[in-house]
*Asks:* 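Quick one: the structure is below, and I'll ask about it shortly.
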Amino acid sequence: MTLNIRVIAPDKIVWDAQAEEIILPSSTGQLGILSGHIPLLTALDIGVMRVRIAKEWKPIILLGGFAEVKNNNITILVNGAEEVDNINLDDAKDKLNSATQLLEEAQSSKEKIEATQILRKAKARLQAATISNN
């Protein structure tokens, strides 16, 4: 049996396909889902969603949102998403270093919150680039 997975961002449908397994970056940690999973509604964090199709894993960066699992259908509503095909590993490392420095230099609470979001996105991009290069 397969899972029907649909990832919807505000401006487009990012993913609409079937897969054998999915791992979501939930707000409480990584959440693995196989066919026959019980109904579930969960908040998603910024991180990497991994989808297994025919023994191969495909990473997609999710920028927070919600996921609903019901009857082998997974609907994921996200604030944004990025496919990994165009992420360069060296560029991702550089952006992580820049984001880390930005957080260290942040002064106000607002700057710290914004820098933390940028850092979390940079970490997700690096993780996704690492997965896709293996």
Side-chain angles (χ1 to χ4, degrees):
M1 292 181 73
T2 59
L3 300 166
N4 299 308
I5 302 168
R6 193 165 197 192
V7 179
I8 304 168
D11 57 342
K12 66 180 178 178
I13 295 175
V14 178
W15 181 272
D16 191 0
Q18 294 186 335
E20 289 82 37
E21 183 178 0
I22 184 172
I23 298 175
L24 295 169
S26 80
S27 58
T28 57
Q30 298 292 306
L31 177 63
I33 298 171
L34 298 167
S35 63
H37 198 284
I38 62 169
L40 171 73
L41 182 62
T42 186
L44 298 176
D45 209 351
I46 294 172
V48 179
M49 172 182 88
R50 290 174 281 163
V51 180
R52 184 170 59 87
I53 302 171
K55 297 182 182 180
E56 205 170 297
W57 288 95
K58 175 159 178 63
I60 297 175
I61 299 166
L62 302 181
L63 303 178
F66 294 91
E68 178 187 38
V69 178
K70 188 174 182 182
N71 298 327
N72 292 328
N73 292 306
I74 302 173
T75 304
I76 301 167
L77 304 175
V78 292
N79 300 325
E82 297 177 18
E83 300 228 25
V84 179
D85 299 337
N86 56 2
I87 294 179
N88 178 292
L89 185 59
D90 292 328
D91 186 42
K93 289 178 183 177
D94 290 342
K95 286 185 178 180
L96 178 62
N97 290 334
S98 297
T100 302
Q101 184 176 357
L102 185 65
L103 180 59
E104 290 171 358
E105 295 171 357
Q107 299 284 324
S108 68
S109 295
K110 181 181 177 189
E111 288 175 343
K112 289 177 183 177
I113 291 169
E114 290 172 354
T116 299
Q117 291 295 89
I118 292 168
L119 180 62
R120 292 170 68 204
K121 290 175 186 177
K123 285 180 179 180
R125 287 184 184 107
L126 179 60
Q127 180 186 5
T130 304
I131 291 168
S132 67
N133 285 330
N134 285 337

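The basis for the numbers below is simple: all heavy atoms, side chains too, and nothing from hydrogens, waters or symmetry mates. Since the model is a prediction, treat every value here as computed from it, not as a measurement.
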*Asks:* Check side chain to side chain contact (heavy atoms under 4.5 Å, CB included) between A43 and all other residues, then give those that pass, not counting sequence neighbours.
*Replies:* S27, F66
*Asks:* Using the side chain to side chain contact (heavy atoms under 4.5 Å, CB included) rule, take L119 and T100 through it: C-alpha gap first, then chi angles, then the decisive distance, then the call.
*Replies:* CA-CA 6 Å; L119 180 62; T100 302; 3.5 Å; yes
*Asks:* Indicate yes or no: at least one non-hydrogen side-chain atom of K121 is less than 4.5 angstrom from one of L63.
*Replies:*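 Yes, their side chains come closer than 4.5 Å.
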*Asks:* Under a 4.5 Å cut-off applied to non-hydrogen side-chain atoms, are K123 and L96 in contact?
*Replies:*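 With C-beta onward as the side chain, the pair touches.
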*Asks:* Just wondering, more than 12 heavy atoms not from Q107 lying within 6.0 Å of its CD?
*Replies:* no
*Asks:* Quick one: pull up CG in L34 and CD in E21 and give me the separation to the nearest 0.5 Å.
*Replies:*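 Between L34 CG and E21 CD, I get 4.5 Å after rounding to 0.5 Å.
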*Asks:* Is the closest side-chain heavy-atom distance between R125 and E82 below 4.5 Å?
*Replies:* yes
*Asks:* Between L62 and I76, is any pair of side-chain heavy atoms under 4.5 Å apart?
*Replies:*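 The answer is yes; the side chains approach within 4.5 Å.
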*Asks:* Within the 4.5 Å heavy-atom criterion, are L24 and I33 side-chain neighbours or not?
*Replies:*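 Yes. Closest side-chain heavy atoms under 4.5 Å.
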*Asks:* Where do G80 and A9 come nearest, in terms of heavy atoms and distance?
*Replies:*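 G80 and A9 have their closest heavy atoms at CA-CB, 4.5 Å.
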*Asks:* For G65 versus N79, what's the shortest heavy-atom pair and its separation?
*Replies:* N-ND2, 4.3 Å
*Asks:* On a heavy-atom basis, which atom in K93 and which in L126 lie closest, and how many Å separate them?
*Replies:*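 Heavy atoms of K93 and L126 come nearest at CG-CD1, 3.6 Å.
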*Asks:* Where do V48 and Q30 come nearest, in terms of heavy atoms and distance?
*Replies:*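 Nearest heavy atoms, V48 then Q30: O-OE1, 4.3 Å.
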*Asks:* Any side-chain heavy atom of V51 within less than 4.5 Å of one from W57?
*Replies:*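 The answer is no; the side chains never approach within 4.5 Å.
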*Asks:* What are the two closest heavy atoms between A19 and R52, and how far apart are they?
*Replies:* CB-O, 3.3 Å
*Asks:* Stepwise, does the side chain to side chain contact (heavy atoms under 4.5 Å, CB included) test hold for L102 with I118?
*Replies:* CA-CA 9 Å; L102 185 65; I118 292 168; 3.7 Å; yes
*Asks:* Under 3.5 Å, side chain of E20 to main-chain N/O of A54, donor-acceptor pair present?
*Replies:* yes
*Asks:* Please check: side-chain N/O of N72 versus main-chain N/O of G36, any donor-acceptor pairing under 3.5 Å?
*Replies:* yes
*Asks:* Is the shortest heavy-atom distance from the side chain of L103 to the side chain of T116 under 4.5 Å?
*Replies:* yes
*Asks:* I'd like to know if the side chain of E111 and the backbone of S108 have a donor-acceptor N/O pair within less than 3.5 Å.
*Replies:* yes
*Asks:* With sequence neighbours excluded, tell me which residues meet salt bridge (charged side-chain N to carboxylate O under 4.0 Å, His left out) with D94.
*Replies:*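 Partners of D94 by the salt bridge (charged side-chain N to carboxylate O under 4.0 Å, His left out) criterion come out as none, since no residue qualifies.
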*Asks:* Say whether I46 and I60 are linked into one hydrophobic cluster, either directly or through other cluster members, by side-chain heavy-atom distances under 4.5 angstrom.
*Replies:* no
*Asks:* My understanding is that only one of N4, T2, L3 makes a side chain to side chain contact (heavy atoms under 4.5 Å, CB included) with S35; could you say which?
*Replies:*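 That would be L3; it is the only one of N4, T2, L3 passing the side chain to side chain contact (heavy atoms under 4.5 Å, CB included) with S35.
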*Asks:* Quick check for you: to the nearest 0.5 Å, what is the distance between K70 atom NZ and H37 atom NE2?
*Replies:*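 One gets 15.0 Å once the value is rounded to the nearest 0.5 Å.
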*Asks:* So, for A124 and G47, which heavy atoms are closest and what is the spacing to 0.1 Å?
*Replies:*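 What the structure gives for the nearest pair is CB-CA, 3.9 Å.
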*Asks:* Out of curiosity, N73 CG to R6 CZ, how far, rounded to the nearest 0.5 Å?
*Replies:*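 Reported to 0.5 Å precision, the distance equals 10.5 Å.
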*Asks:* Can you find a heavy atom in the side chain of P59 that is under 4.5 Å from one in the side chain of M49?
*Replies:*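 Heavy-atom side-chain distance check fails, nothing below 4.5 Å.
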*Asks:* Linking I/L/V/M/F/W/Y whenever any side-chain heavy atoms sit under 4.5 Å apart, do I61 and W15 land together?
*Replies:* no
*Asks:* Do I22 and L40 belong to the same hydrophobic cluster, where Ile, Leu, Val, Met, Phe, Trp and Tyr are linked whenever their side-chain heavy atoms lie under 4.5 Å apart, directly or via other members?
*Replies:* yes
*Asks:* Treat each ILVMFWY residue as a node, draw an edge where side-chain heavy atoms are under 4.5 Å apart, and state whether L31 and L44 are in one component.
*Replies:* yes
